[in-house]
Amino acid sequence: MAHPLIPQIIDLATAVAEGLGLEVVGAVFQTNQSPPVLRVDIRNPEQDTSLDDCERMSRALEAALDATDIIPDAYILEISSPGISRHLSSDREFISFKGFPVLIETTEPYEGKKSWQGKLLKRDEEAVYINQKGRSIAIPRSLITRVQLEEQS
């Protein structure tokens with residue numbers, strides 16, 4: 001479930017990104033870390049997203065967030081690009097990458113493991129489902145900290 005501040009953050013980030021010629025792809029606020037981490041994914045519609053694009057967005061969004069005080073406590077801001085980060089977060093990404101190998105990390109052990117690898121089957125409100133050697137495994141979303149694409153060799 002998305003953090004309740006995400007809609008406000010996306011609205012603000014979208015306005016900032018448009019002013020820089022960029023687009024916001026998504027945002028995640030990971031409050032289970034200390035300090036919390038706000039990651040905003042962007043893309044440059046004109047060309048491959050560069051490190052410079054991420055730096056410009058980081059500076060501009062940091063100033064905008066500080067001015068609005070949406071997040072009153074300390075946090076870490078990360079700006080990334082779908083081309084840079086292999087992290088899956090949106091419903092569209094979970095649908096697009098069905099069948100791809102993924103790595104799932106959890107906050108606490110689930111069935112004795114904090115790290116799971118398998119082929120992505122689907123995601124629903126309750127869990128992310130992977131195929132591991134022909135067996136479907138449902139990992140509760142409430143425990144998941146990261147779902148990322150595995151490098152294919």
Side-chain angles (χ1 to χ4, degrees), residues 1-110 114-118 120-130 138-151:
M1 177 182 269
H3 190 280
L5 292 178
I6 287 295
Q8 282 180 270
I9 291 167
I10 287 179
D11 287 348
L12 180 64
T14 298
V16 169
E18 286 173 356
L20 300 172
L22 303 170
E23 295 175 351
V24 172
V25 177
V28 178
F29 196 25
Q30 299 170 330
T31 56
N32 61 334
Q33 299 182 25
S34 183
V37 176
L38 172 61
R39 194 186 81 242
V40 177
D41 293 328
I42 61 164
R43 74 180 198 93
N44 187 326
E46 303 297 320
Q47 61 192 23
D48 288 343
T49 306
S50 67
L51 186 57
D52 180 58
D53 291 328
C54 292
E55 288 174 5
R56 290 184 308 121
M57 181 66 178
S58 179
R59 285 189 195 98
L61 183 56
E62 182 178 22
L65 284 166
D66 288 349
T68 59
D69 206 28
I70 291 173
I71 306 170
D73 300 319
Y75 65 96
I76 294 171
L77 175 63
E78 291 180 355
I79 303 295
S80 187
S81 159
I84 295 171
S85 170
R86 309 278 295 165
H87 180 84
L88 302 182
S89 57
S90 72
D91 288 337
R92 189 177 87 202
E93 290 170 332
F94 277 87
I95 292 166
S96 296
F97 291 105
K98 177 181 177 183
F100 282 70
V102 293
L103 171 67
I104 298 177
E105 296 174 2
T106 58
T107 53
E108 57 190 62
Y110 175 69
K114 286 182 75 172
S115 181
W116 292 82
Q117 289 177 288
L120 180 63
L121 296 175
K122 67 177 182 174
R123 174 178 82 163
D124 64 22
E125 294 297 318
E126 303 298 318
V128 173
Y129 301 83
I130 60 172
I139 302 165
R141 285 182 67 171
S142 60
L143 298 178
I144 295 174
T145 57
R146 176 184 303 237
V147 179
Q148 93 181 31
L149 291 173
E150 285 280 279
E151 292 297 323

S.K.: Spell out, as yes or no, whether a donor-acceptor pair under 3.5 Å connects the side chain of Arg123 to the backbone of Ser89.
M.R.: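 Flag set: sc Arg123 to bb Ser89 pair under 3.5 Å.
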S.K.: Search all heavy atoms of Pro72 against all heavy atoms of Ile70 and return the closest pair with its distance.
M.R.: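 Between these two residues, the closest heavy atoms are CD-O, 3.3 Å.
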S.K.: Any side-chain heavy atom of Leu121 within less than 4.5 Å of one from Lys98?
M.R.: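 No, side chains not in contact.
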S.K.: Please collect all side chain to side chain donor-acceptor pair (under 3.5 Å) contacts where either partner lies in residues 5-31, sequence neighbours excluded, each pair once.
M.R.: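 Those involving residues 5-31 are Glu23-Arg43, Gln30-Gln33.
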S.K.: Start with the C-alpha gap between Leu149 and Phe97, add the side-chain angles, then the distance that decides, and say whether side chain to side chain contact (heavy atoms under 4.5 Å, CB included) holds.
M.R.: CA-CA 8 Å; Leu149 291 173; Phe97 291 105; 3.6 Å; yes
S.K.: Can you name the closest pair of heavy atoms from Ala74 and Pro36 and give their distance?
M.R.: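 Shortest heavy-atom separation between Ala74 and Pro36 comes out as O-CD, 3.4 Å.
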S.K.: Testing the basics here: between Leu120 and Ile130, what is the closest heavy-atom pair and its distance to 0.1 Å?
M.R.: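 Result for this residue pair: CA-CG2, 4.3 Å.
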S.K.: Would Leu38 and Glu78 count as a side chain to side chain contact (heavy atoms under 4.5 Å, CB included) if you check the C-alpha gap in whole Å, the side-chain angles of each, and the deciding distance to 0.1 Å?
M.R.: CA-CA 6 Å; Leu38 172 61; Glu78 291 180 355; over 6 Å; no
S.K.: Only counting residues at least two apart or in another chain, list the ones meeting side-chain hydrogen bond (donor to acceptor under 3.5 Å, both in side chains) with Asp124.
M.R.: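 Expected list: Tyr129.
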S.K.: Indicate the atoms forming the closest heavy-atom contact of Ala60 with Leu20, along with that distance.
M.R.: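 Residues Ala60 and Leu20, closest heavy atoms: CB-CD1, 4.0 Å.
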S.K.: Is a side-chain N or O of Thr145 found less than 3.5 angstrom from the main chain of Glu105, in a donor-acceptor match?
M.R.: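 Yes; at least one donor-acceptor contact below 3.5 Å.
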S.K.: Kindly compute the distance separating CG (Leu143) from OH (Tyr110), expressed to the nearest 0.5 Å.
M.R.: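 One gets 8.0 Å once the value is rounded to the nearest 0.5 Å.
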S.K.: How long is the gap from CZ on Arg56 to CG on Leu51, to the nearest 0.5 Å?
M.R.: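 Rounded to the nearest 0.5 Å, the CZ-CG separation comes to 11.5 Å.
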S.K.: Distance-only, no hydrogens or angles: does the Thr49 side chain make a donor-acceptor pair with backbone N or O of Asn44 under 3.5 Å?
M.R.: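 It does hold such a pair.
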S.K.: Between Ala64 and Val16, which heavy-atom pair has the shortest distance, and what is it?
M.R.: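 Taking every non-hydrogen atom into account, CB-CG2, 3.8 Å.
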S.K.: Please round to the nearest 0.5 Å and tell me the distance separating atom NZ of Lys114 and atom OG1 of Thr107.
M.R.: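 Here the rounded value is 7.0 Å.
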S.K.: To the nearest 0.5 Å, tell me how far Leu88 CG sits from Ile144 CD1.
M.R.: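 That separation rounds to 11.0 Å.
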S.K.: Would you check if Ser58 and Leu77 make a side-chain contact, meaning some heavy-atom pair closer than 4.5 Å?
M.R.: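 With C-beta onward as the side chain, the pair touches.
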S.K.: Closer than 3.5 angstrom, by distance alone: can the side chain of Asp53 be matched with the main-chain N or O of Ser50 as a donor-acceptor pair?
M.R.: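 Yes.
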S.K.: Are the side chains of Val25 and Ile42 in contact, using a 4.5 Å heavy-atom criterion?
M.R.: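 No, side chains not in contact.
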S.K.: Should the ring pair Tyr75 and Phe29 be called parallel, tilted or perpendicular, given that the plane angle runs from 0 to 90° and is split at 30 and 60?
M.R.: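 Aromatic pair Tyr75/Phe29 classed perpendicular.
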S.K.: Over all heavy atoms of both residues, which pair between Ala127 and Ala138 is shortest? Give the atoms and the distance, please.
M.R.: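 Heavy atoms of Ala127 and Ala138 come nearest at CB-CB, 4.0 Å.
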S.K.: With a 4.5 Å limit on heavy-atom distance, are the side chains of Asp41 and Val24 in contact?
M.R.: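 No, their side chains stay 4.5 Å or more apart.
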S.K.: Applying side chain to side chain contact (heavy atoms under 4.5 Å, CB included) between Val40 and each of Leu12, Val28, Ile6, Leu61, report the one that passes.
M.R.: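 That would be Leu61; it is the only one of Leu12, Val28, Ile6, Leu61 passing the side chain to side chain contact (heavy atoms under 4.5 Å, CB included) with Val40.
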S.K.: Assess the residue pair Arg141 and Val128 against the criterion (side chain to side chain contact (heavy atoms under 4.5 Å, CB included)); give the C-alpha distance rounded to whole Å, side-chain angles, the decisive distance to 0.1 Å, and a yes or no.
M.R.: CA-CA 6 Å; Arg141 285 182 67 171; Val128 173; 4.1 Å; yes
